[in-house]
Protein chains: 2
Amino acid sequence: MVISARVHYACVAMLELAIQNEEGSPVAIREITDRHGVPGPFLVQILRSLRALGWVQSIRGSQGGYRLSVDPTTITLLDIAEAIGSQETGCRTEAKRTPIAAMLQEQWEDAAEASRRVLGQATLSGLVERAQHGDASMFYI
Amino acid sequence: MVISARVHYACVAMLELAIQNEEGSPVAIREITDRHGVPGPFLVQILRSLRALGWVQSIRGSQGGYRLSVDPTTITLLDIAEAIGSQETGCRTEAKRTPIAAMLQEQWEDAAEASRRVLGQATLSGLVERAQHGDASMFYI
DNA sequence: ATAAATGTGATCTCTTTAGTCAAGTATCTA
DNA sequence: TAGATACTTGACTAAAGAGATCACATTTAT
């Protein structure tokens with residue numbers, strides 16, 4: 001479970017959209033890049049992926065932007081990481097599959113599973129709530 | 001905690017040395033590459049790192065090879081992964097450090113910690129024992 | 001001597017990641 | 001209807017790291 005900048009930004013964007021979900025108006029890319037310093041054209045790419053997943057909806061034209069189109073209680077950081085991140089190749093090697101190698105693979109898998117379990121419990125809504133309770137400065141709007 | 005081929009091979013080598021530790025004679029690189037299909041010159045590099053860590057001792061000349069120079073009960077897969085692998089940069093990004101970003105970083109850290117905990121409990125001796133009990137075919141010599 | 005091993009440093013290629021750019025399309029508002 | 005705002009699309013580049021290789025040097029058992 002490697003967290004690239006791409007995955008991190010995707011999560012930032014999803015959280016930002018989740019926070020502003022109650023508001024009726026969509027959130028412009030510009031607003032996210034200003035607030036979080038994410039490189040604009042890069043964020044565009046990422047939002048495209050999120051839209052392809054059906055997690056986000058885009059509204060074109062003036063006053064346009066993005067809106068969350070899923071229930072934030074159902075999406076976890078794990079979902080985002082697995083959908084946006086690289087496909088967990090898991091160590092491409094030329095070596096033989098010996099018993100030792102197999103045993104090690106099991107360990108790598110156990111370790112990966114452990115971190116998946118952590119991220120799989122962090123829902124967007126959970127994080128939003130935590131942000132709003134824990135620190136008032138997170139509560140814009 | 002990303003497991004590269006380099007880390008995987010290092011663990012294979014350490015396990016192989018741990019298994020043959022009772023034997024007096026050192027283990028040649030050739031023997032490891034033959035048995036596990038690890039690319040030879042690559043393994044040389046890796047063993048160099050392991051030697052620099054003081055975990056392995058090299059004997060030059062004919063009949064030479066490598067020998068474990070630490071207690072296999074004290075070295076875990078986590079130790080090897082952290083020593084050999086890349087330094088867990090943790091997402092180099094140009095973005096601002098906003099509350100949302102900070103909250104996410106915490107999650108990434110929690111996830112990484114979870115997998116570290118798994119690997120930190122897998123000692124070389126534990127794995128060797130498991131290999132020898134679980135599957136007779138692992139018990140060469 | 002010679003064969004069997006490791007020691008060292010440089011190098012090479014491929015993939016991924018991060019980030020950019022330009023030209024186009026849709027929509028609101030005045 | 002003009003213009004500003006904002007998303008759409010696809011190609012593109014630069015840098016870094018991973019995986020792997022090579023040539024040549026050195027050491028040691030027999």
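Convention: sequence-line order gives letters A, B, ...; per-chain numbering from 1.
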Inset, instruction - Using the closest heavy atom to pick a nucleotide of DNA chain D for each, name whichever of A:V44 or B:P41 lands nearer the 5' end. - result: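 Upstream on the strand: A:V44.
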
Inset, instruction - Return the 5'-most residue of the pair B:F42, A:R48 with respect to DNA chain D, ranking by each residue's nearest nucleotide. - result: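 Taking each residue's closest nucleotide, the earlier one in sequence belongs to A:R48.
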
Rounding to an integer number of Å, can you tell me how far [X] [atom1] sits from [N] [atom2]?
X     : N      : atom1 : atom2 : result
A:I3  : C:dT16 : CD1   : P     : 18 Å
B:Q57 : C:dA5  : CD    : C1'   : 15 Å
B:I32 : C:dT6  : CD1   : C1'   : 13 Å
A:Y66 : D:dT5  : OH    : P     : 18 Å
A:L43 : C:dG19 : CG    : C1'   : 12 Å
B:H36 : D:dA20 : NE2   : P     : 16 Å
B:Q45 : C:dC12 : CD    : C1'   : 12 Å
B:L47 : C:dT6  : CG    : P     : 8 Å

Inset, instruction - Please report the C-alpha distance between A:L68 and A:Q20 in whole Å, then the side-chain angles of each, then the deciding distance to 0.1 Å, and finally whether the side-chain contact (heavy atoms from CB on, under 4.5 Å) criterion is met. - result: CA-CA 9 Å; A:L68 210 62; A:Q20 301 200 32; over 6 Å; no

For a quick check of understanding: with a heavy-atom distance under 4.0 Å over all strands, which category does [X] fall into, base, sugar-phosphate or nothing?
X     : value
A:I59 : sugar-phosphate
B:G61 : base
B:G40 : nothing
B:I29 : sugar-phosphate

Inset, instruction - Measure across B:T33 and B:G40 and return the closest heavy-atom pair with its distance rounded to 0.1 Å. - result: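 Smallest heavy-atom distance, with atoms named: CG2-CA, 3.6 Å.
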
Legend entry - ILVMFWY network linking A:I84 to A:V118, side-chain heavy atoms under 4.5 angstrom: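 Cluster IDs for A:I84 and A:V118 differ.
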
Inset, instruction - Between C:dT17, C:dG19, C:dT6, spot the one nearest the side chain of A:P39, thanks. - result: C:dG19

Inset, instruction - Ignoring the backbone of A:A5, work out which of D:dG19, C:dG19, C:dA3 is nearest its side chain. - result: C:dG19

Does a side-chain N or O from [X] land closer than 4.0 Å to OP1 or OP2 of [N], or not?
X     : N      : value
A:R51 : D:dT8  : yes
B:R60 : D:dA25 : no
B:Y9  : D:dA20 : yes
B:S58 : C:dG7  : yes

Legend entry - Close side-chain approach of B:P26 and B:Y66, heavy atoms under 4.5 Å: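 Contact flag for B:P26/B:Y66 side chains = no.
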
Legend entry - Side-chain donor-acceptor pair present, B:Q105, B:E109, cut-off under 3.5 Å: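 No.
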
